[in-house]
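Computed over heavy atoms, backbone and side chain alike; hydrogens, waters and symmetry mates excluded. Everything quoted here is computed from the prediction, not taken from an experiment.
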Number of protein chains: 2
Amino acid sequence: MSKESRATLKDVARASGVSTATVSFVLNDTPGQTIPETTRDRVREAARDLGYTPHRLARALREGSSRVVLLKLGDLRPGHSLDGFVTGMRHELWRHDYTLVVHPGGADRAALAELVATLAPRAVVDLARPYQGDVGDGETEGSDGGWTDGLAAHTMTQLTYLAERGHANVAFAVPGEAAAGGLAALRLRYAREAWSAVGAGDLHRVSVATGSASTADALRNLRGMHPEVSAVAAFDDEAAFRVLAAMADLDLSAPGDLAVIGFDDGPYGALWRPSLTSVHIDGEGFGRQAARAALGIEPQEPAAPTSVVVQRGST
Amino acid sequence: MSKESRATLKDVARASGVSTATVSFVLNDTPGQTIPETTRDRVREAARDLGYTPHRLARALREGSSRVVLLKLGDLRPGHSLDGFVTGMRHELWRHDYTLVVHPGGADRAALAELVATLAPRAVVDLARPYQGDVGDGETEGSDGGWTDGLAAHTMTQLTYLAERGHANVAFAVPGEAAAGGLAALRLRYAREAWSAVGAGDLHRVSVATGSASTADALRNLRGMHPEVSAVAAFDDEAAFRVLAAMADLDLSAPGDLAVIGFDDGPYGALWRPSLTSVHIDGEGFGRQAARAALGIEPQEPAAPTSVVVQRGST
DNA sequence: AGTGTCCACTTATTCGATTTAGTGATGCTC
DNA sequence: GAGCATCACTAAATCGAATAAGTGGACACT
């Protein structure tokens with residue numbers, strides 16, 4: 001393992017008295033090759049003794065791509081179910097002898113191209129892709145294992161909760177800045193669809209910006225025009241916090257004046273005052289699916305991973 | 001650029017009427033090689049026309065390691081100056097024709113080993129290393145470009161602010177859970193050193209845990225034993241939020257009853273009520289230094305990148 | 001006896017770039 | 001005009017593994 005000299009195929013071949021080809025056949029279980037068990041054992045033992053590990057770069061050069069899957073996160077911020085997604089994906093890939101490389105970078109196209117060129121990954125999974133209209137350069141691409149479909153289901157979870165608690169007219173809070181971009185539009189669309197299925201009244205849209213003053217304005221405006229709105233479903237926990245902060249400025253309190261529910265249960269929800277009810281998403285299951293999709297393997301667990309509401313003080 | 005056939009060195013050689021060796025010499029500006037400008041131009045033009053890009057895997061195989069630097073984040077959570085650090089590091093590496101790969105994983109040794117084996121990076125920078133006693137396997141390692149030294153300076157910034165605002169006796173809030181581990185101990189040590197240099201009175205330690213009840217207990221306890229404490233400096237913003245949450249439970253308000261200052265200015269500080277004063281750190285400068293250190297280049301900017309206090313409502 | 005079929009392997013090529021060790025031609029010096 | 005250096009290159013080895021195409025021997029079948 002140390003620096004001075006790692007064992008190569010050739011070393012193993014020499015040690016076991018066969019050619020490198022035979023060693024390769026044995027270690028890779030290459031089909032269509034007739035090699036007696038005794039020889040196989042000899043080779044495998046030699047490999048073990050020498051601590052042989054295939055040189056991934058050499059293999060990748062020969063095979064045309066390395067056993068790496070690149071995950072591009074885009075603008076998605078962590079602290080979300082994303083962590084679980086990554087963990088799940090890493091695990092499933094590992095089971096198939098692949099490695100996950102995560103690229104957090106957002107819009108920087110050049111950095112991604114660099115990375116793709118350097119790693120020559122087997123597949124690139126872009127979680128942000130579904131939210132952008134354009135398809136990019138059409139390079140190596142991969143499915144997201146149902147992440148987007150899941151989004152619709154989780155949005156449904158969020159709004160069903162409000163409907164069941166007796167709220168008829170609600171608002172959906174989307175971040176004001178462009179960063180959230182297509183994702184916000186998508187979530188809003190899903191929210192509308194969900195509400196028309198489970199809700200009794202209307203679903204309005206509030207934009208919550210970074211400056212708390214403008215959010216307070218938006219909120220006051222909403223309550224002026226639609227006093228019947230009794231709950232807010234937020235794009236994510238941060239958007240929910242903005243709503244709560246603006247409410248504090250307006251001397252409103254949750255859940256009395258307005259119930260607030262976040263999305264994707266971040267670490268701060270339990271700390272806020274009032275503590276924030278949110279939707280907790282099982283990212284790991286999706287991560288595993290995404291891994292299988294990237295490698296072109298059949299999906300394994302047809303039971304769709306689910307989301308649940310974590311109830312706290314804000315509703 | 002598309003899939004069917006990328007140009008290789010050989011193609012460029014054929015197109016410009018020289019051997020692959022010459023092409024390589026020209027494109028890499030190999031020193032000690034006498035090649036007339038006319039030939040060089042011919043080669044470069046052919047390379048441009050064919051859209052030649054060196055195959056990184058092949059190059060890495062030959063050179064023994066790929067032009068990649070692996071950054072291991074350990075337990076450090078984003079939303080901190082860490083983002084800037086990564087950006088700065090990526091940029092500086094890019095200038096030297098290197099690529100940054102970020103490994104967010106925490107304790108998972110196997111995953112890191114996988115990654116190192118797969119990428120064969122030129123260097124591994126482990127930001128968590130300085131906080132752990134052990135030195136690991138002693139594989140490829142790299143300095144952190146003064147990140148740890150900076151920590152001492154930033155802690156000084158945090159405590160100097162409190163001293164200048166007239167606080168004599170303060171407490172330092174560290175997270176209760178093991179996750180923060182060595183980093184918390186390090187910060188505390190730096191805080192003690194800082195306070196003995198700039199503070200008038202004592203520096204106490206409060207442990208803030210995940211459950212808000214226990215944090216409230218700790219806080220009540222502290223105020224019982226040391227009623228003269230007038231300010232809390234927190235390990236990070238999250239620890240500060242825990243203090244603020246516990247204060248709310250105890251019917252105390254900041255900054256009246258207790259001033260609170262966070263560390264590493266996260267995105268939620270401005271949203272909290274009261275909004276949180278924090279220390280903003282210039283991560284990019286450190287990232288650039290770390291990049292240069294990893295490549296073994298002389299540091300460029302001797303002027304140490306600095307930290308500043310962002311003042312908000314909690315102090 | 002000749003042909004064919006497995007078996008158990010090996011040889012040699014390939015992936016694409018880097019680099020060492022040349023080689024033929026020219027010019028310069030003594 | 002012999003000796004030597006310099007120029008402008010090239011041939012071939014190398015990195016480590018994967019694999020297509022053999023190769024010699026044992027055995028069966030007709």
What residues in residues 15-38 of chain A put a non-hydrogen atom under 4.0 Å from any atom of DNA chain D?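 Heavy-atom contacts with DNA chain D come from A/Ala21, A/Ser24, A/Phe25, A/Asn28.
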Please list, one pair per line, the donor and acceptor atoms closer than 3.5 Å that link side chains of residues 38-46 of chain A to other protein atoms, with sequence neighbours excluded.
| from | atom 1 | to | atom 2 | distance (Å) |
| --- | --- | --- | --- | --- |
| A/Arg40 | NE | A/Ile35 | O | 2.8 |
| A/Arg42 | NH1 | A/Ser16 | O | 2.6 |
| A/Arg44 | NH2 | A/Glu37 | OE2 | 2.8 |

Is the backbone of [Y] close enough, under 3.5 Å, to the side chain of [X] for a donor and an acceptor to pair up by distance?
X: B/Arg67; Y: B/Thr99; answer: no
X: A/Thr87; Y: A/Asp83; answer: yes
X: A/Ser307; Y: A/His280; answer: no
X: B/Asn28; Y: B/Phe25; answer: no

Do you know which of B/Arg288, B/Arg292, B/Gln289 makes side-chain hydrogen bond (donor to acceptor under 3.5 Å, both in side chains) with B/Glu92?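 The residue from B/Arg288, B/Arg292, B/Gln289 that satisfies side-chain hydrogen bond (donor to acceptor under 3.5 Å, both in side chains) with B/Glu92 turns out to be B/Arg292.
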Do [X] and [Y] come within less than 4.5 Å of each other through their side chains, counting heavy atoms only?
X: A/Leu71; Y: A/Met89; answer: yes
X: B/Phe85; Y: B/Ile281; answer: no
X: A/Val101; Y: A/Val69; answer: no

Range on DNA chain D touched by chain A - first to last nucleotide, heavy-atom distance under 4.0 Å: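 Reading along DNA chain D, I get D/dG16 to D/dT19.
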By a strict heavy-atom criterion of less than 4.0 Å, which residues belonging to residues 39-47 of chain A are in contact with DNA chain C?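 Listed by number, they are A/Thr39.
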What are the two closest heavy atoms between B/Val116 and B/Leu70, and how far apart are they?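 Taking B/Val116 first and B/Leu70 second, the nearest heavy atoms are CG2-CD2, 3.8 Å.
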Considering non-hydrogen atoms only, spot the tightest contact between B/Pro175 and B/Ala184 and give its length.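 That closest heavy-atom pairing would be CD-CB, 4.4 Å.
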Polar-atom pairs under 3.5 Å, protein N or O versus N or O of nucleotides 14-16 of chain C: list them with distances, or write none.
| from | atom 1 | to | atom 2 | distance (Å) |
| --- | --- | --- | --- | --- |
| C/dT14 | O2 | A/Arg62 | NE | 3.3 |
| C/dT14 | O2 | A/Arg62 | NH1 | 3.3 |
| C/dG16 | N2 | B/Ala58 | O | 3.3 |

Test: salt bridge (Lys or Arg N to Asp or Glu O under 4.0 Å). Region: residues 46-59 of chain A. Which pairs qualify, not counting sequence neighbours?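 Checked against salt bridge (Lys or Arg N to Asp or Glu O under 4.0 Å) - neighbours excluded - the pairs reaching residues 46-59 of chain A are A/Arg56-B/Glu114.
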